[in-house]
Amino acid sequence: MPMLSRRTHLARAAVLIALCAGSAWVPSVGQTSTPPRPTPAADQNTPWVRVEGGWVRPAVKGQSGTGAFMVLTSRANMLLTGVSSPAAQGGELHLMSMDGNVMNMRPVPSIRLPAGRPVALQPGPDSHHLMLTGLKGPLMDGVQVTLVLRLQLATGEIKTQSVTLPVRNGPVPPKRRGPGGQPAAAGAMGMPAGAMR
Ligand SMILES: [Cu+2]
């Protein structure tokens, strides 16, 4: 959890929930079989997913977006359906793919988190990552960035979980190279493929 006082953390989380949850979630009024809904405070104290090895790629001044990477292990079958951060105006779930020699990334609506199975959000083709968009400033190596993960349980209920990750240049994983060992060309979203490695 972040090195914030609990009260500060909860207040910030509440604001973030209000900003990012939108109107997508409507309480299921009248379903008597539904157990009492936990309070928002309880949500914040419950780690729905274990987050390991997380990092956010540094971003220079003027850079609009950057990637966040981590291994998520959920304690129940659920979907990761969104991400937000105080450091960015928006957040998306992205999938990278190689189209010929071109590395592309595109938004996806959700990422499956099977119970107990680690899901790696990592650079490279056929992998997902979190994309912070509309960065509010540069992200320097060594600073901490808080992300709020939006999770959808099998029941449809929406939960959020905060995680604070370091900004650093992560390890370069084994990756496919184009013919001749050349890095892939610029991606479809105007970002050089190298920026997402
Ligand atoms: Cu991306």
Side-chain angles (χ1 to χ4, degrees), residues 16 19-22 24 49 51-74 78-114 117-152 158 160-178 182-197:
L16 286 169
L19 288 174
C20 74
V49 294
V51 181
E52 296 170 298
W55 55 286
V56 177
R57 192 183 297 283
V60 298
K61 186 180 179 186
Q63 184 174 330
S64 63
T66 193
F69 311 89
M70 67 205 74
V71 177
L72 299 175
T73 306
S74 177
M78 60 180 70
L79 297 174
L80 177 62
T81 60
V83 61
S84 61
S85 172
Q89 292 172 353
E92 297 177 345
L93 314 176
H94 277 188
L95 174 64
M96 299 198 75
S97 61
M98 288 296 292
D99 299 329
N101 288 338
V102 179
M103 182 83 84
N104 283 326
M105 61 181 186
R106 61 183 173 83
V108 296
S110 63
I111 297 171
R112 283 187 61 230
L113 302 179
R117 202 165 87 196
V119 174
L121 308 181
Q122 59 192 3
D126 305 321
S127 293
H128 292 96
H129 60 270
L130 307 183
M131 197 78 193
L132 301 181
T133 61
L135 292 178
K136 297 175 180 176
L139 295 177
M140 311 305 288
D141 199 322
V143 306
Q144 303 279 312
V145 174
T146 296
L147 307 181
V148 178
L149 307 179
R150 189 170 187 268
L151 304 160
Q152 181 177 330
I158 299 297
T160 60
Q161 180 175 327
S162 295
V163 56
T164 300
L165 302 179
V167 174
R168 66 181 180 91
N169 280 297
V172 178
K175 61 182 183 298
R176 296 169 207 168
R177 288 268 184 166
Q182 294 302 310
M189 299 186 66
M191 172 173 291
M196 293 306 305
R197 261 183 263 139

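One-based numbering, in listed order, for ligands and for the atoms of each. The first residue of the sequence shown is numbered 1, and numbering continues consecutively from there.
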Point to revise | Pair T164-Q144, side-chain donor/acceptor within less than 3.5 Å | key: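 Absent: no donor and acceptor within the cut-off.
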Point to revise | Side chains of T81 and S110, donor plus acceptor under 3.5 Å | key: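 No, no side-chain donor-acceptor contact under 3.5 Å.
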Point to revise | Atom name in H94, limited to N/O/S, at shortest distance from the Cu ion (ligand 1) | key: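 Relative to the Cu ion (ligand 1), the closest nitrogen, oxygen or sulfur of H94 carries the name ND1.
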Point to revise | Stepwise side chain to side chain contact (heavy atoms under 4.5 Å, CB included) check, M78 with Q152 | key: CA-CA 6 Å; M78 60 180 70; Q152 181 177 330; 5.9 Å; no
Review point. Parallel, tilted or perpendicular: which describes the rings of H129 and F69, with under 30° parallel and over 60° perpendicular?
Key: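 It falls in the tilted class, 30° to 60°.
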Check your understanding: At the Cu ion (ligand 1), what's the angle from M105 SD to M131 SD, rounded to 10 degrees?
Key ->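 About 120° at the Cu ion (ligand 1).
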Check your understanding: Hey, is the Cu ion (ligand 1) within less than 2.8 Å of some N/O/S atom on M96?
Key ->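 Of the N, O and S atoms in M96, none lies under 2.8 Å from the Cu ion (ligand 1), which means no.
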